[in-house]
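Numbering starts at 1 and runs along the sequence shown. Note that ligands are numbered from 1 as they come in the structure, with each ligand's atoms numbered from 1 the same way.
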Amino acid sequence: MENIDKSSKNKYYPTWESIKTHQLPQWYDDAKFGIFIHWGLYSVPAYAPPSGELGSIDWAKWFYMNPYAEWYLNSIRLRSGDTWEYHKRRYGEYFDYELFSYIWKAERWDPNEWAKIFREVGARYVVLTAKHHDGFCLWPSRYTDYNSYNRGPKRDIVGELTNAVRSQGIKMGLYYSGALDWRYTDQPITSLEDLLYVRPHTYTYADYAYNQLMELIDRYKPSVLWGDIGWPEKGREDLKYVFAHYYNTVPEGVVNDRWDGIWKDFSTKEYQLSISPIQGKWEMTRGIGFSFGYNANEGPEHIISEEGLIELLVKTVANGGNLLLNIGPKADGTIPELQLQRLKQLGNWLNINGEAIYSTKPWIRSESRSFEGNKVYFTNRDNNLYVIVFGSLESRSVTLEDIEIGESVIIQMLGTNQNLNFRYGEDKKLSVIFPEEIQESVAYVIRITSEELRG
Ligand code: GLC
């Protein structure tokens with residue numbers, strides 16, 4: 001039995017038993033769409049070969065053709081491969097990565113402008129990389145001067161963005177790289193095994209990570225604590241102190257599943273790396289292209305299409321997940337045009353169809369195909385079933401099988417307010433006739449309102 005002071009007013013104690021009583025807060029389940037931001041020293045070189053999506057490349061090759069630009073330091077430590085060749089050409093063989101901390105200026109960065117964009121495109125939460133694997137910190141940490149307040153931009157990026165995001169009514173979360181900090185190791189990671197073992201293994205580092213995480217919690221009270229790769233083994237016992245302290249400080253906070261398996265509020269999926277089976281709340285994350293950090297090498301052919309992005313959000317939500325869509329800003333603090341374009345396209349769609357996304361629940365079925373051949377997804381809220389229809393609408397109707405709708409039914413298309421005609425037969429087939437004039441869209445949402453919805 002541990003020695004715990006039960007006289008304290010804190011609700012959570014540093015035991016797994018106590019931490020496991022934390023319930024997923026409603027806001028997180030309702031939010032559905034968040035924005036991840038990878039911004040740091042790696043945004044200066046902004047280089048990686050755009051080789052493909054995580055999960056589609058063999059692990060044996062991955063690190064040598066790593067499309068993640070935020071892995072720049074690891075990629076140049078390999079001393080072979082595309083990124084290393086680029087580094088030699090552009091900066092020279094002896095140019096130390098840490099020198100980017102004097103080059104990075106973020107001279108055009110306006111956190112309020114970012115936050116306004118995030119609100120306009122419909123994001124309900126934001127997660128910023130407070131410290132990524134390279135170890136550079138975006139806040140004035142008491143525990144290192146290798147940070148953005150002391151060097152480079154000379155600003156408390158975490159603090160300024162937190163304030164700006166909150167003033168737009170959006171939740172603010174922080175990412176912290178726990179298991180990896182490349183200032184504490186000098187060997188590159190070349191394989192999946194390295195990812196597990198080429199980590200800082202000292203008590204000094206474990207204490208450092210613990211102190212920094214506590215500092216972030218106390219100073220910024222993040223609504224999401226997003227860990228990555230794992231937590232230092234030498235500090236394994238610390239985690240329950242961190243989580244108890246976190247929930248006592250931010251009772252409505254959530255933690256992800258990358259702290260080494262003991263506790264999570266939600267699971268994460270990254271590109272094609274899947275979690276199976278998915279149990280409980282989960283979050284899909286990916287960049288707009290193949291990278292999280294800005295990769296100036298990426299063109300339109302490497303980034304997700306408008307339709308692909310909307311379908312990704314819809315499919316994720318229909319299956320009970322949230323989408324944490326990443327942007328990789330440029331070193332100067334602007335959001336690259338291609339990324340902004342996708343964000344706005346998603347935002348425009350949500351503006352009309354957000355009712356079928358936010359605060360919905362998965363339905364009995366998440367997807368199917370209409371008789372006419374359209375891919376459809378389902379979400380559900382109260383007495384409303386939302387049918388999200390992709391593909392061409394040439395046939396002007398969508399016919400769904402195996403739907404029970406009961407007697408009094410109203411069917412409308414989001415964005416219009418006229419009732420739609422439909423046919424419904426004994427065979428439980430529902431055929432909805434589309435209005436004559438509809439505004440062109442990547443996906444149309446049909447709302448079926450009925451007291452007796454079943455399928
Ligand atoms: C990964 C990567 C990383 C990225 C992240 C986002 O594990 O190492 O660069 O930050 O996950 O999900």
Q: Under a 4.0 Å N-O cut-off, is there an ion pair linking D181 with K131?
A: yes

Q: Would you kindly check if the NZ (Lys) or CZ (Arg) of K20 is within the cone defined by 45 degrees around the ring axis of W263 and under 6.0 Å from the six-membered ring centre?
A: no

Q: Any pair with a residue in residues 310-324 that passes salt bridge (charged side-chain N to carboxylate O under 4.0 Å, His left out), sequence neighbours left out, goes on the list, sorted by first then second residue, please.
A: E311-K375, K315-E367

Q: Got an N/O contact under 3.5 Å between Y68 and ligand 1?
A: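 Between Y68 and ligand 1, no N or O pair is found under 3.5 Å apart.
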
Q: May I ask whether Y271 places a heavy atom under 4.0 Å from ligand 1?
A: no

Q: If only atom types and distance count, is the side chain of E283 paired as donor or acceptor with the main-chain N or O of S267 below 3.5 Å?
A: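 Absent.
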
Q: Should T285 be counted as touching ligand 1, given the test is an N or O pair under 3.5 Å?
A: no

Q: For ligand 1, which atoms, with element, lie under 4.0 Å from some heavy atom of H38?
A: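 The list of qualifying atoms is 4 (C), 10 (O).
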
Q: Check the pair D260 / R236 against salt bridge (Lys or Arg N to Asp or Glu O under 4.0 Å), numbers first and verdict last.
A: CA-CA 9 Å; D260 276 351; R236 189 59 53 84; 3.2 Å; yes

Q: Hey, which atoms in ligand 1 end up nearer than 4.0 Å to a heavy atom of Y175?
A: 10 (O)

Q: By number and element, which atoms of ligand 1 are closer than 4.0 Å to a non-hydrogen atom of W71?
A: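 Under 4.0 Å from W71, ligand 1 has these atoms: 2 (C), 3 (C), 8 (O), 9 (O).
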
Q: Nearest to atom 11 (O) of ligand 1, what protein heavy atom do you find, and at what distance?
A: E270 OE1, 3.0 Å

Q: Using the side-chain contact (heavy atoms from CB on, under 4.5 Å) rule, pick out the option among V314, I388, N319 that qualifies with T379.
A: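 Going through the options one by one, the only one that passes is I388.
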
Q: Measure Y42 to ligand 1 on non-hydrogen atoms and call it side chain, backbone, both or neither using the 4.0 Å cut-off.
A: neither

Q: For atom CD of E17, is the number of surrounding heavy atoms from other residues, nucleotides or ligands below 6.0 Å larger than 12?
A: no

Q: If we only consider heavy atoms of R286, is any one of them less than 4.0 Å away from an atom in ligand 1?
A: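 Per 4.0 Å heavy-atom rule, R286 does not contact ligand 1.
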
Q: Just jot down the ligand 1 atoms closer than 4.0 angstrom to any heavy atom of D228, in number order.
A: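 Listed by number with element: 1 (C), 2 (C), 3 (C), 4 (C), 5 (C), 7 (O), 8 (O), 10 (O), 11 (O).
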
Q: How close does the nearest protein non-hydrogen atom get to atom 8 (O) of ligand 1, and which residue and atom is it?
A: H133 NE2, 2.8 Å

Q: Which atoms of ligand 1 have any heavy atom of I229 under 4.0 Å away?
A: 7 (O), 8 (O)

Q: Looking at E85 and K88, does any basic side-chain N land under 4.0 Å from a carboxylate oxygen?
A: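 Here E85 pairs with K88 in a salt bridge, since their nearest N and O are under 4.0 Å apart.
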
Q: With heavy atoms under 4.0 Å as the rule, classify the contact between T129 and ligand 1 as side chain, backbone, both or neither.
A: neither

Q: Can you sort out which atoms of ligand 1 are near F292, meaning under 4.0 Å from one of its heavy atoms?
A: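 Checking each atom against F292, I get 4 (C), 6 (C), 12 (O).
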
Q: Pull out every atom of ligand 1 sitting under 4.0 Å from any heavy atom of E70, numbered as shown with elements.
A: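 Taking each heavy atom of E70 in turn, ligand 1 has 3 (C), 4 (C), 9 (O) under 4.0 Å.
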
Q: Salt bridge or not for K240 and E237, using N-O below 4.0 Å?
A: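 A salt bridge is present here (some side-chain N lies under 4.0 Å from a carboxylate O).
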
Q: State the atoms of ligand 1, each with its element, that fall below the 4.0 Å cut-off from a heavy-atom position in H132.
A: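 Ligand 1 atoms under the 4.0 Å threshold to H132: 3 (C), 4 (C), 9 (O), 10 (O).
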
Q: Looking at Y358, I'd like to know if the NZ or CZ of R124 sits under 6.0 Å from its six-membered ring centre while staying within 45 degrees of the ring's axis.
A: yes

